[in-house]
Amino acid sequence: MGKLTHKKENEIIDIDNHLLNRSGTMEEVVARTRSAFLSGKTKNVAFRRRQLEQLYKLFEEHENEIVGALNSDLRRHKQESTLVEIEIMRNDILNILYNLDEWVKPEKPEKTVVNLLDDVLIYKEPYGVVLVMGAWNYPLQLLLVPVAAAISAGNCVIIKPSEVSVNCAKFIQEYLPKYLDSECYPVVCGGVNETTELLKQKFDYVFFTGSTKVGKIVYEAATKHLTPVTLELGGKSPCYIDSSADMEITAKRVLWGKLINVGQTCIAPDYILCSKSVEKKFIDECTKILREWYGENPKDSEDLCRIVNNNNFQRILGLMKSGNIAVGGKYDATSRFIEPTILVDVKADDPIMQEEIFGPVLPILNVDNVYDAINFINSREPPLVIYLFSTETEVQNLFVQRTKSGSICINDTIMQYVVDSLPFGGVGNSGIGHYHGKYGFDTFTHKRSCLGKSFNKLGEFLASARYPPYSDKKTWFLSTLMKKRKPFPNFYFSHLCAVGIGIGIAFLINYYMKQDGN
Ligand code: NAD
């Protein structure tokens, strides 16, 4: 176990040099991808299905290589990699394949009386050439779930893995082109310089997962081209525990959520808010559970990942100086190991409360009651998730009604992410937009509205009051016709009424036209 050193590291620069682009300049890559889009290939739903099936096959045929790459980058256990990368990816693709035919159908929204004889449709169009940039902490699924969504919606996608998880980036660069059409879905690798160059290009949509700081750079670059964005960002997700919670289950669920990927998870509980008496019970349970899970010497456990690089390792060690260590505190610089650590006596203005921790360190801040906890959360930027452990309905309602966050999870951690019928995304500093399941398809879909009219004489007759010469009677008639009415209770009844109203209106028009003519 080593001491804190302040060595400047150059790991990321080395990684950049590993991943020289094989596809030409960024401008050329984007131009080639744009002509692939203009060929119309990706608009064909059967083509999209084939690509998604291929992506599924990649995860079937190269499971061992994937587990190996994740182990090399993060020393992650096979169980974690299988569940949080491979299964998430495979299930996401299956969900799209099962539902795609339904999702791509044009929607037929409700018509008003005015449009009774018209076609009113919403077509699901791809945006065009999309840029998807992934993060290193879940380097496959955070990149390829949005890529699958963009493919399903009919876009061409430029795929940019994170350079920090170098082995996963190499896997993607080597294997993805063997499975996907590389004209439509090229992979571009690199670090800050390459990303900066890439962001100068014009895309039709940009999807970024990463920090709030870089999210702002991406947003600014996209604004220059008026390109819509989804920004999946980070922040500090709080976790409030009250005395009604089952402390053993709470401790297990909090620790599991904090320690998968050793806390390098955007939705990990970042810090705990609780009373002094809850803190004592929580720490007692955590001490027992950590011993059960990882033994007397957690460094020897196969089940704990390592910190991704020295920059982050040193940063987290710095944050561990806040408050006092109640549990853990050991580390080893050579293997970038940090023991699961709980800090007490932490103050709101301590360094650890100024940035996302992204490591296995859990500070506890004491609050007297639920109102103090809510005030504390509301005094900061809206987080990606708020976790609440309480069986009190009133406390649950207070949290739902009086706080703001991308999502809220009651009496568990992380599991909200796995529910693919829930949108996933942040709000304010934690992000813009959302995805997962159908929400992913919708994110990459431009909803193009279409009104189709015929030259039907009755239709023209009904609409002719809009033409000059204008008159008060025509104005009254058109206002009555256009007036928004409460939706009818059921489909058939509403259409029957609409037909009746239409015929009535036709008579009215006839009457007023004759009057105007007199
Ligand atoms: P990051 O923002 O530091 O880097 C992301 C990518 O941006 C890098 O791979 C790099 O290529 C590029 N980049 C970095 N600096 C740049 C600059 N100055 N100009 C242009 N491009 C630049 O994020 P990260 O370290 O890869 O990931 C960690 C962050 O991501 C955490 O904040 C975490 O909460 C967040 N995150 C969010 C989600 C989510 O779904 N909301 C998921 C995972 C991670």
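Remember, it's 1-based here, ligands and their atoms both numbered in the order they're listed.
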Min heavy-atom dist [X] to ligand 1 below 4.0 Å:
{"X": "M133", "answer": "no"}
{"X": "Y138", "answer": "no"}
{"X": "G431", "answer": "no"}
{"X": "S162", "answer": "yes"}

Considering only heavy atoms of [X], which atoms of ligand 1 have at least one such atom less than 4.0 Å away?
{"X": "G191", "answer": "11 (O)"}
{"X": "K160", "answer": "11 (O)"}
{"X": "E232", "answer": "37 (C), 38 (C), 39 (C), 40 (O), 41 (N)"}
{"X": "L142", "answer": "42 (C), 43 (C)"}
{"X": "G210", "answer": "2 (O), 23 (O), 29 (C), 30 (O), 35 (C), 36 (N), 37 (C)"}
{"X": "T209", "answer": "37 (C), 38 (C), 39 (C), 40 (O), 42 (C), 43 (C)"}
{"X": "F424", "answer": "40 (O)"}
{"X": "V192", "answer": "14 (C), 15 (N), 16 (C), 17 (C), 18 (N), 19 (N)"}

Testing the 3.5 Å rule here: is there a donor-acceptor pair between the side chains of [X] and [Y]?
{"X": "T230", "Y": "Y205", "value": "yes"}
{"X": "D242", "Y": "S390", "value": "yes"}
{"X": "R253", "Y": "N411", "value": "no"}
{"X": "E279", "Y": "N366", "value": "yes"}

Among all protein non-hydrogen atoms, which one is nearest to [atom], and what is the separation to 0.1 Å?
{"atom": "atom 34 (O) of ligand 1", "answer": "E356 OE2, 2.5 Å"}
{"atom": "atom 42 (C) of ligand 1", "answer": "C266 SG, 3.1 Å"}
{"atom": "atom 18 (N) of ligand 1", "answer": "I217 CD1, 3.5 Å"}
{"atom": "atom 26 (O) of ligand 1", "answer": "W136 CD1, 2.9 Å"}
{"atom": "atom 20 (C) of ligand 1", "answer": "T196 OG1, 3.7 Å"}
{"atom": "atom 15 (N) of ligand 1", "answer": "V214 CG2, 3.4 Å"}
{"atom": "atom 1 (P) of ligand 1", "answer": "S211 OG, 3.5 Å"}
{"atom": "atom 11 (O) of ligand 1", "answer": "T195 OG1, 2.9 Å"}

Could you tell me whether some N/O pair between S430 and ligand 1 is separated by less than 3.5 angstrom?
no

[X] atom [atom1], neighbour heavy-atom count above 12 within 6.0 Å:
{"X": "R380", "atom1": "CZ", "answer": "yes"}
{"X": "E87", "atom1": "CD", "answer": "yes"}
{"X": "K78", "atom1": "NZ", "answer": "no"}
{"X": "E60", "atom1": "CD", "answer": "yes"}
{"X": "Y219", "atom1": "OH", "answer": "no"}
{"X": "K216", "atom1": "NZ", "answer": "no"}
{"X": "E61", "atom1": "CD", "answer": "yes"}

For ligand 1, note which part of [X] has a heavy atom under 4.0 Å away: side chain, backbone, both or neither.
{"X": "N137", "value": "side chain"}
{"X": "L233", "value": "backbone"}
{"X": "I267", "value": "neither"}

Looking only at atom types and distance, does a side-chain atom of T265 sit under 3.5 Å from a main-chain N or O of A268, one as donor and one as acceptor?
no

Looking only at non-hydrogen atoms, find the nearest pair between L259 and P360 and report the distance.
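Taking L259 first and P360 second, the nearest heavy atoms are CD2-CB, 3.6 Å.
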
Among Q54, Q51, H62, K57, which one satisfies side chain to side chain donor-acceptor pair (under 3.5 Å) with Y179?
H62

